[in-house]
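Reviewing the structure listed below.
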There are 2 protein chains.
Amino acid sequence: MAEDLSQDFSLGEVQVASSPQERFEEYLQSKGQRITQQRRALVECVFEKHEHFDADELLEMVARHAEGASVSRATVYRTLDELVKAGLLRKMDLGGRAVYEHDYGYPQHDHLYCQQCHKLIEFRSEELMEIRDAVAAKHSFRVTGHRLIVSGVCEECSQKRHRRHSPLDLI
Amino acid sequence: MAEDLSQDFSLGEVQVASSPQERFEEYLQSKGQRITQQRRALVECVFEKHEHFDADELLEMVARHAEGASVSRATVYRTLDELVKAGLLRKMDLGGRAVYEHDYGYPQHDHLYCQQCHKLIEFRSEELMEIRDAVAAKHSFRVTGHRLIVSGVCEECSQKRHRRHSPLDLI
DNA sequence: GTTGTTGCAAATTTTTTGCACCCAC
DNA sequence: GTGGGTGCAAAAAATTTGCAACAAC
């Protein structure tokens, strides 16, 4: 799950004040929290490449990444919460479990969600933002963000007649 | 949570081919499934009034509604799935648990979600649908639905300086 | 009568928490 | 050294499932 990430832009274009690692350490220090090996290992894994992942996948990633330096499941959950609070990650609830993606240094975007293969396809739309802000303004609502998930079936799955994985098509 | 439902339209204006109850029975019959007392009781409760609810709340509603005619938790979950498949309800994942709302006989809409008081404000936008479909078409994606939640602070909460409820501002 | 449905309890899945020990500051 | 952090295991919370008894058709 979580593939086919948008190639419509290069990260290089985006001006990032500092690396995610630095940003996270700033955040921790500002809150009087500590920079531990576990947190460092997790942030490194998370920002190694841009993809959607859940707590379990991150757990595996860390184990593979830095062998020997395994991190407990509880710490993964605790750190993910911190990363969200620090504005580095964005949390989505998809089909029961929480899925995360980069937020810091990554442009605003939304998703097409394939109910068949559970793939997430990213897209961006400036018009969407305009509509969002117009609607909010009409309700005197101060926007901090949004989440749009368009559900359906991706091109690939539409072609394969017989469903393969995906025993149930919820959401 | 889940209040202040849009008053921008009256249900009366919407032409409904048949009642949710009838629609559900049609669906069940078409799939060779049975119309049981439990299912009847649940549909009745669900469509008694338009509001957002979760499985637990529905369980309580049924217990209150038709006293003596209690329905088991498992059946509530099973029936909710059927109602979603039948197109009568829409499922949203909000902060971990599944929240449901009317889909059949109720116009497509989206939500402004106040992170302060957790209120859900409904709104509709035709332009949004057009953008959604245009984006999907570009990716050869077959759309079955979408979910847009704009997070922020509602007018009411913006005015009250000090936050009142809302211990945490997730999602 | 057949076959889908229900209730119950047990099992899953995902996330949280209590607590003793450990380490970053 | 001290207070926050970690791991572990147990607890929670939400949802699913196996199975025997039941009820709709």
Side-chain angles (χ1 to χ4, degrees), chain A residues 1 21 24-43 45 52-60 62-63 66 68-86 89 91-100 118 166-171, chain B residues 1 21 24-43 52-60 62-63 66 68-86 89 91-100 167-168 170-171:
Chain A
M1 99 164 33
Q21 286 84 349
F24 190 42
E25 302 200 354
E26 264 174 45
Y27 165 83
L28 289 174
Q29 294 188 321
S30 77
K31 307 223 352 172
Q33 297 181 180
R34 292 170 182 172
I35 299 165
T36 63
Q37 297 188 328
Q38 291 84 337
R39 285 175 177 169
R40 247 198 281 262
L42 287 170
V43 178
C45 276
H52 302 84
F53 62 91
D54 60 27
D56 218 50
E57 290 167 338
L58 178 52
L59 189 66
E60 287 177 48
V62 182
S70 73
V71 174
S72 75
R73 187 176 298 277
T75 296
V76 168
Y77 280 108
R78 287 187 280 231
T79 303
L80 281 172
D81 282 349
E82 294 301 332
L83 287 168
V84 169
K85 282 192 222 153
L89 287 184
K91 185 179 184 179
M92 287 186 283
D93 285 307
L94 255 190
R97 80 192 134 303
V99 176
Y100 299 84
H118 296 176
S166 174
L168 54 159
D169 306 34
L170 298 178
I171 285 201
Chain B
M1 93 164 41
Q21 287 83 349
F24 191 42
E25 303 200 353
E26 264 174 46
Y27 165 82
L28 289 174
Q29 294 189 320
S30 76
K31 308 225 347 175
Q33 297 182 180
R34 290 171 184 172
I35 299 164
T36 64
Q37 295 188 329
Q38 290 86 337
R39 285 175 177 168
R40 246 197 283 260
L42 287 170
V43 178
H52 303 83
F53 62 93
D54 61 26
D56 219 48
E57 289 168 338
L58 178 53
L59 190 64
E60 289 177 46
V62 180
S70 74
V71 175
S72 76
R73 187 175 297 276
T75 297
V76 167
Y77 280 108
R78 286 187 281 230
T79 303
L80 281 172
D81 282 350
E82 293 301 333
L83 287 168
V84 169
K85 281 192 221 152
L89 287 184
K91 186 180 184 178
M92 288 186 283
D93 284 307
L94 253 190
R97 79 190 134 305
V99 176
Y100 298 84
L168 56 157
L170 297 177
I171 282 204

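In summary, A:Glu25 and A:Arg40 engage in a salt bridge, as defined by a charged side-chain N under 4.0 Å from a carboxylate O. Looking at B:Arg73 and B:Asp56, a side-chain N of the basic residue comes within less than 4.0 Å of a carboxylate O on the acidic one, giving a salt bridge.
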Before you tell me yes or no, could you show the steps for B:Ser72 and B:Thr75 under side chain to side chain contact (heavy atoms under 4.5 Å, CB included), namely the whole-Å CA-CA distance, both residues' side-chain angles and the distance that decides it to 0.1 Å?
CA-CA 5 Å; B:Ser72 76; B:Thr75 297; 3.1 Å; yes
Does the pair A:Tyr27 and A:Gln33 meet the rule for a side chain to side chain donor-acceptor pair (under 3.5 Å), with working shown?
CA-CA 8 Å; A:Tyr27 165 83; A:Gln33 297 181 180; 5.2 Å; no
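Counting to the nearest Å, the P atom of D:dC25 and the CD atom of B:Gln37 are 11 Å from each other. In this structure, CZ of A:Arg97 is placed 12 Å from P of D:dT16, rounded to the nearest angstrom. Per the geometry, CG belonging to A:Leu42 stands 14 Å off P belonging to D:dG5, to the nearest Å. Rounded to an integer number of Å, the gap from CZ of A:Arg39 to C1' of D:dG5 is 6 Å. In this entry the distance linking CG of A:Leu28 with P of D:dG3 reads 19 Å, nearest Å. Rounded to whole Å, atom C1' of D:dT15 lies 14 Å from atom CG of B:Leu58.
The heavy-atom pair separating A:Ala41 from A:Val62 by the smallest distance is CB-CG1, 4.5 Å. The shortest non-hydrogen separation linking B:Val84 to B:Lys91 is CG2-CB, 4.3 Å.
A side chain to side chain contact (heavy atoms under 4.5 Å, CB included) with A:Leu58 holds for exactly one of A:Val76, A:Thr79, A:Val71; it is A:Val76.
Along DNA chain C, the nucleotide nearest A:Arg34 and the nucleotide nearest B:Gly32 are compared for position; the residue whose nucleotide lies closer to the 5' end is B:Gly32. Where A:Thr79 and B:Ala98 meet DNA chain D, the nucleotide closest to each residue was compared, and A:Thr79 sits on the side nearer the 5' end. Mapping B:Gln33 and B:Tyr77 onto DNA chain D via the closest heavy atom, the residue that lands nearer the 5' end is B:Tyr77. The nearest heavy atom of DNA chain C to A:Gln29 and to A:Tyr100 marks one nucleotide each, and the one closer to the 5' end goes with A:Tyr100.
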Can you check nucleotides 7-10 of chain D for protein contacts, nitrogen or oxygen pairs under 3.5 Å, and list what you find?
unit_1	atom_1	unit_2	atom_2	d
D:dG7	OP1	A:Ser72	N	3.4
D:dG7	OP2	A:Ser72	N	3.1
D:dG7	OP2	A:Ser72	OG	2.6
D:dG7	OP2	A:Thr75	OG1	2.4
D:dG7	N7	A:Arg78	NH2	2.8

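The environment of B:Gln37 atom CD is sparse: at most 12 non-hydrogen atoms of other residues, nucleotides or ligands sit within 6.0 angstrom.
The footprint of chain B on DNA chain C, defined by a heavy-atom cutoff below 4.0 Å, extends from C:dT2 to C:dC8.
Using modelled atom types, one side-chain atom of A:Arg39 and one backbone atom of A:Arg34 make a donor-acceptor pair closer than 3.5 Å.
Using a 4.0 Å cut-off, some side-chain N or O of A:Thr36 falls inside it from OP1 or OP2 of D:dT6.
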